[in-house]
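The chains referred to below are lettered A, B, ... by the order of the sequence lines, with proteins before strands, and numbering in each begins at 1. Note that these values count all heavy atoms, side chains included, but never hydrogens, waters or copies made by symmetry. Everything numeric in this text was worked out from a predicted model, so none of it was measured.
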Amino acid sequence: MLRPTPRLSSRLNRTEMSWREKIWQINWSLITILTAISSVGFLTLYSAAKGSLEPWAIKQMVRFAMGISIMIAVAVVDLRFWMRHAYGLYALSVVLLIAVEIKGTIGMGAQRWIDLGFIQLQPSEIMKVAMILTLSRYFHGASVQDVGRPTFLIPPLILVMIPVALVMKQPDLGTAMMVLMSSGAIFFMAGVRLWKFGILLAGGLGAIPIAWQFLHDYQKKRVIIFLNPDQDPLGAGYHITQSKIALGSGGIFGKGYMNGTQAGLNFLPEKQTDFIFTMFGEEWGLMGGLFLLGLYIVLTAFGYAIALRCRSQFGRLVALGITTTFFLYFFINTAMVMGLVPVVGVPLPLISYGGTAMLSLLFGWGLVMSAYIHRDLPIGRRGGHDD
Amino acid sequence: MYHDNDRSKLFSRRALMLAGGKGALISALVARMYYLQVIEADRYTMLSEENRVSMRLLAPPRGLILDRNGTAMAVNQHNYRVLVVTEQSPSLDYTLDALSQIISLGDHDRARVIKEAKRRRSFVPITVRENLSWEEVARIEVNAPDLPGVLIDVGQSRFYPLEHLGAHILGYVAAVSENDQTNNDPLEELPGFRIGKAGVEKIYDMALRGRGGTSQEEVNAVGRVMRELERREGEPGVDLSLTLDIRLQEYAAQRLGDESASAVVMDIHTGEVIVMASTPSFDPNAFNRGLTHEEWKDLSTNPLAPLQNKAISGTFAPGSTFKMVVAIAALEAGTISPEQTVLCRGHTELGSIKFHCWKKGGHGSVDLVNALKGSCDVYFYEIARRVGFEKVAEVANRMGLGVPTGIDLPNERSGLIPNRAWKRKALGQPWHPGETLINGIGQGYCLATPLQLAVMVARIANGGQQVVPHVARDLIVDKQAVPRVAPTWKSCGVSQRSLTLVRKGMNAVSNEPGGTAYRARITQEGMFLSGKTGTAQVRRITMRERETGVKKNEDLPWKERDHALFVAYAPEDAPRFSIAVVVEHGGGGSAVAAPIARDIMLEVQKRERARVAASASYDVAEATSFDAHMAVAFGNEELQHDHGHSCGDDCKDHG
C-alpha cells in the first residue's frame with residue numbers, strides 16, 4: 001500500500017515540492033493508526049477517572065489534537081531542513097539538559113523539566129528526537145568504508161554518551177536506556193559490524209559493577225526487587241506485584257470496561273501514567289492486550305515500510321530510529337508492568353497520561369511522515385541537493 | 001548516487017535483522033501475557049479478591065462556640081490516650097504492671113483492657129486510659145524503651161471552660177447512643193465520636209462537626225493495616241458565635257442564686273437573646289467524660305431539674321403578666337375604652353361562683369392603666385368576660401404565647417393558651433364561662449415559658465412586630481455561617497394605640513407610687529424600666545381555706561408555693577431590651593422576681609452604654625482596630641467599677 005506509482009515517484013524526484021503536493025502526500029493511514037492507539041488511551045483514562053472525562057481524558061484529547069497538528073506541520077517541512085538543523089537541535093538539547101541539571105541542583109530533588117508557562121518542557125524528551133536526527137545526519141554522508149573505520153565511530157559515540165550521562169544524572173534511568181538503545185539501533189542500521197557491538201556490550205557488562213556505584217539507592221532497590229520481587233511484596237516490590245495481580249486477574253476477556261477492581265480500589269499505583277497498560281489489561285483481558293499490541297505492531301510495520309522505501313540514507317535512518325524509539329517505549333512499558341524488566345519510568349506511548357511524551361512522540365512521527373513525503377528526494381552529503 | 005546501492009542493500013538487511021529482534025521481544029511479551037492472564041489467571045483472581053482497601057475516617061476538629069464578645073464557651077482539648085498493642089508487648093500483664101507504676105491505673109481499667117484484649121485481634125491498639133495529664137504523658141515517653149507495645153495517641157475532646165455557665169444554651173456532646181437519630185454521617189460510626197445532645201451543640205451539630213476526612217489504608221485478608229495509600233483531610237467545623245453576653249449571663253445566674261429560676265433578656269428589635277439563665281445548672285463536661293450512674297441519678301431526680309433549660313422548657317402559668325394581652329384583646333375588639341372604669345370590691349361573681357381579687361379590700365374604681373398598675377384581678381375578670389376568651393387567645397398567639405417562639409434551641413415547649421376547640425379536643429369538655437375569668441388573669445390552663453413572656457413584652461415594646469428570638473449570631477446555611485441581615489418582622493396586627501396604652505400601664509407599674517413594682521424601679525436616668533408583676537398560684541385555694549384564712553406562702557411546702565414572675569422592657573422612653581424572670585415557687589412577683597429583673601436590666605443597660613461609649617470614642621479617634629479592641633476592654637473595666645457603685649445605690653434605695 002505504500003508503494004507509489006512510478007509516475008508519481010518521478011514527479012517527487014525533484015529538488016522542490018509545492019505545499020499542495022506535500023499535503024497530497026500525507027499518509028492518512030498512519031494518522032488513522034496513531035488515532036486508534038490514542039483512542040485506546042482516551043477510553044482507558046476515562047475509566048481510570050471512574051467514568052469521567054476529568055481530569056485526564058479530556059486533557060489528553062486536547063494534547064493529541066495539538067500533537068497531530070504539530071506532526072503535520074513537521075511532516076510538510078523539507079526533510080533537508082531537519083537535516084541541516086540536526087546538530088543545532090542537539091546542541092540546544094544539551095544546553096537545556098545542563099540547564100535542568102543546574103536548576104535541579106539549586107532547587108529540590110530530581111527536576112527533569114523546564115517550566116515554559118504553557119508547557120513543562122522535558123529536555124530529555126527533545127533529546128530523544130535530537131539524538132536520532134544527529135546520528136542520522138552523521139551517518140548520512142558515510143560510505144560503507146567510512147563506517148568500517150573504528151575512528152569514524154568515536155565522534156558519534158561521544159555524541160551519545162554526553163546526553164546519556166546527563167540524563168543518568170537526573171536521575172532518569174529509563175530515558176538514558178532508551179537513548180542508548182535507539183542510538184544503538186542507528187549504529188546498527190548504519191552498518192556498524194556486529195563484533196563491534198559485541199565488544200561494546202562486553203565492555204558495558206564489565207562496567208556494570210562500576211555503574212552500580214553511581215545508581216541511587218531506590219534504583220538499586222528496583223533492580224534487586226526486579227530480580228526477586230517476592231522479597232518485599234509490600235515494600236518497593238508493591239508496584240510489580242499489584243500490577244501482576246491486576247493483569248492476571250483480568251484473564252482472557254477481562255473484567256469488563258470500567259469494572260477493574262484493582263485500579264478502582266486504588267491498589268494500582270499510577271494507573272493513569274506508567275501503569276495504564278495494567279489497567280487496560282485488567283479490564284479487557286488478554287484479548288484487549290493482544291489487540292493493542294497488534295496496533296503497535298502495525299504502526300511499527302508502517303515505520304519500517306517508510307524507512308525501506310526512502311531514497312535518502314538520512315530519511316531511512318530517521319524513520320527507523322523513530323520507529324525503534326517508539327517500539328522501545330511500548331516494549332519497555334509493557335514488559336515492566338508484566339514484571340519482565342525492572343520498573344523504570346517509561347510511559348506507554350500515546351496512551352499514558354502526560355503532555356510532553358505525547359507531543360514529542362507525535363513530533364517524531366511527523367519526522368517519519370516527512371521522510372515519507374520526501375521519500376524520493378535525493379539529499380546530498382551536507383543536506384543540499386545531490387552533490 | 002555514489003554508493004547508495006550498497007548502503008541501501010545493507011540497510012534492508014539490517015532492517016530485517018532488527019525487525020527479527022523486535023519480533024522476538026514481542027513474542028516474549030505475548031508469552032508473558034499468556035502466562036499471566038491464562039495460566040496464572042486463577043491465582044491472580046484469588047489474590048485480587050484478597051486485596052482490599054479499607055477507609056478510615058478522620059474526625060475533623062469541632063467548631064468552637066463563643067459568646068458575643070468572643071469569650072470561648074466550648075473549645076477542643078487534646079486528649080492524650082495511652083494504648084497498648086498486645087502483639088508487641090512481651091505480655092499484657094507485664095506491660096500493665098509496668099504502666100501502673102508510672103501512671104495511676106484502676107482495677108476497673110485493667111479488667112476492661114484484659115477483656116478487650118481477648119476480644120480483639122492482637123495488632124489492634126487497645127485504649128488503656130484517656131485524658132492523661134501532660135506529666136503522665138512525659139513519664140510514659142521517658143520510659144518508652146522499657147514499654148514495648150505502648151503507644152501515646154492524641155485525640156480531641158470537647159471542653160467547656162465556663163462549666164455551669166450557659167450550660168443550658170451550650171448543651172453538651174456525648175457518645176452516640178442507639179436512640180440517637182442518625183444523619184447518615186459516617187463520622188457517627190467512629191468509636192469515641194461525640195455528637196451534640198442538647199443546646200446549640202445539638203441544633204447546630206452538623207455545622208459544628210465539619211466534614212470528616214478519610215485515610216485509605218490497604219488491608220490484607222485478616223484486616224491488618226499494611227499502609228496508608230491516600231489521605232484526604234476533612235473540613236473543620238464552623239465556629240459558632242452566640243448572641244449571649246457571658247458576663248451578663250454570669251451576673252444573672254448569680255442573681256438568681258440557688259432558686260429554681262430562669263431569666264431571659266433579649267433585644268426587642270433584633271431578637272438576639274443576650275441572657276438566658278436557668279438555675280440550677282450543670283457541668284456539661286461531665287457528659288463528655290461520661291456520667292457515673294450516681295451522677296446521672298442525682299441530676300435526673302433533682303426536684304430543681306438542673307438539666308432542664310427552664311427558659312424554654314419550663315412552662316408556668318403566666319399569672320398577671322398575661323393581663324397586657326387581655327387588655328390588648330379588649331381594646332382591639334373595642335369592648336372597652338381606656339377611660340372606662342370597673343369597680344373592684346375585692347371580688348366579683350359569676351352565677352353562684354365568687355372570683356376573688358388578690359387585694360382583699362378591692363381596688364375601687366379603676367380604668368385600664370390603673371388596673372395594670374395595681375394588677376386588679378376584678379377589672380380583668382370583667383373585661384375578659386366581655387371580650388370572650390376566644391379573642392384573647394387569638395391575640396395571645398399573635399403576641400407569642402401558646403406557640404413556639406422558633407428559637408434555635410432544641411426542646412422548646414409551646415406552652416398553652418386554651419380555647420374552646422382545644423378543650424373539646426384535649427379534655428372532651430365544653431368551655432365553662434368561669435374559665436374565661438380564671439384564664440383572663442393568666443391562671444387556669446394558661447402556660448408560658450419565660451422566653452415566651454420575654455417575646456411577648458418585646459412585641460409590646462417594639463410596636464407590635466413579631467420578633468423571633470435567636471441565640472446564634474449568624475445564620476447557619478448549608479454548614480456555613482452567613483451573617484444575618486437586618487430582619488424585617490411581620491406585624492402582630494395590633495394597633496399602636498392599644499400598645500401605647502398598655503405600655504403606659506406598665507410604666508405606672510414600675511414608676512408610679514402604688515405600682516406593684518414601684519419598689520423595684522430603676523432610678524438611673526435614661527434606664528427606667530416598665531414592667532408587670534405576676535404571681536402564679538400553683539394550688540387551688542379552697543372555699544374552706546378562704547373562710548379559715550389563706551395560709552401564708554412561706555408556710556406551704558415548696559412544691560405548693562406560688563411562682564414569682566416579672567416581665568419588663570427598658571429603657572422606658574426608647575425600648576431596647578425585654579426581660580422575663582420566673583422564680584419557681586419563689587413567692588410574690590413584686591417582692592421576689594421584680595428586684596432580680598431590675599438588677600439584671602440595669603446591668604444590661606450599663607454594659608450597653610459602656611459599649612456605645614467605647615465605639616463612639618473609636619469613631620472620634622479613628623483608631624486602628626487594635627485600639628478599638630483596647631477601648632472595648634477598657635469600657636468593660638469601667639463597667640465593673642460601676643457595678644459596685646450601683647449595687648450600693650440600689651440597696652440604699654430599697655433598704
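Taking OG of B:Ser8 as the reference point, atom CZ of A:Arg311 lies at 10.5 Å (rounded to 0.5 Å). Distance check, rounded to the nearest 0.5 Å: CE of B:Met33 to CG of A:Leu286 gives 7.0 Å.
Here the side chains of B:Glu40 and A:Lys244 are not in contact, with every heavy-atom distance at 4.5 Å or above. The shortest side-chain heavy-atom distance between B:Thr45 and A:Lys255 does not fall under the 4.5 Å cut-off. By the 4.5 Å heavy-atom criterion applied to side chains, A:Ser249 and B:Arg43 are not counted as neighbours.
Heavy-atom distances place no part of B:Tyr35 under 4.5 Å from chain A, backbone and side chain included. With a threshold of 4.5 angstrom between heavy atoms, A:Leu194 approaches chain B through its backbone and through its side chain. Residue A:Phe327 touches chain B through its side chain alone, counting heavy-atom pairs closer than 4.5 Å. Only the backbone of A:Phe139 has a heavy atom closer than 4.5 Å to any heavy atom of chain B. Both the backbone and the side chain of A:Ala307 have a heavy atom closer than 4.5 Å to some heavy atom of chain B.
Residue-environment remark: CZ (A:Arg193) stays at or below the threshold of 12 foreign heavy atoms within 6.0 Å. Other residues, nucleotides and ligands contribute more than 12 heavy atoms inside 6.0 Å of the CZ atom of A:Phe197. For A:Phe152, the CZ atom sits in a packed shell: over 12 heavy atoms of surrounding residues, nucleotides or ligands are nearer than 6.0 Å.
Checking side-chain atoms of B:Arg7 against main-chain N and O of A:Ala142 turns up a donor-acceptor pair under 3.5 Å. Checking side-chain atoms of B:Arg32 against main-chain N and O of A:Met338 turns up a donor-acceptor pair under 3.5 Å.
The two atoms that bring B:Phe11 and A:Leu317 nearest to each other are CE1-CD2, 3.9 Å, heavy atoms only. For A:Phe330 against B:Ile26, the heavy-atom pair with the smallest separation is CZ-CD1, 4.4 Å. Nearest heavy-atom pair across B:Arg14 and A:Phe188 is NH1-O, 2.7 Å. In this structure, B:Ala41 and A:Gly251 approach most closely via the heavy-atom pair CB-CA, 4.1 Å. When all heavy atoms of A:Gly191 and B:Leu10 are compared, the closest pair comes out as CA-CD2, 3.5 Å. Considering all non-hydrogen atoms of both residues, A:Leu247 and B:Gln37 come closest at O-NE2, 3.0 Å.
Applying the side-chain contact (heavy atoms from CB on, under 4.5 Å) test between B:Lys22 and each of A:Thr324, A:Leu328, A:Ile297 identifies A:Thr324 as the sole match.
The greatest number of non-hydrogen atom pairs below 4.5 Å with chain B, out of A:Gly285, A:Gly254, A:Gly250, A:Gly281, is found for A:Gly285. By number of non-hydrogen pairs under 4.5 angstrom with chain B, the leading residue of A:Ile252, A:Thr323, A:Thr300, A:Val147 is A:Ile252.
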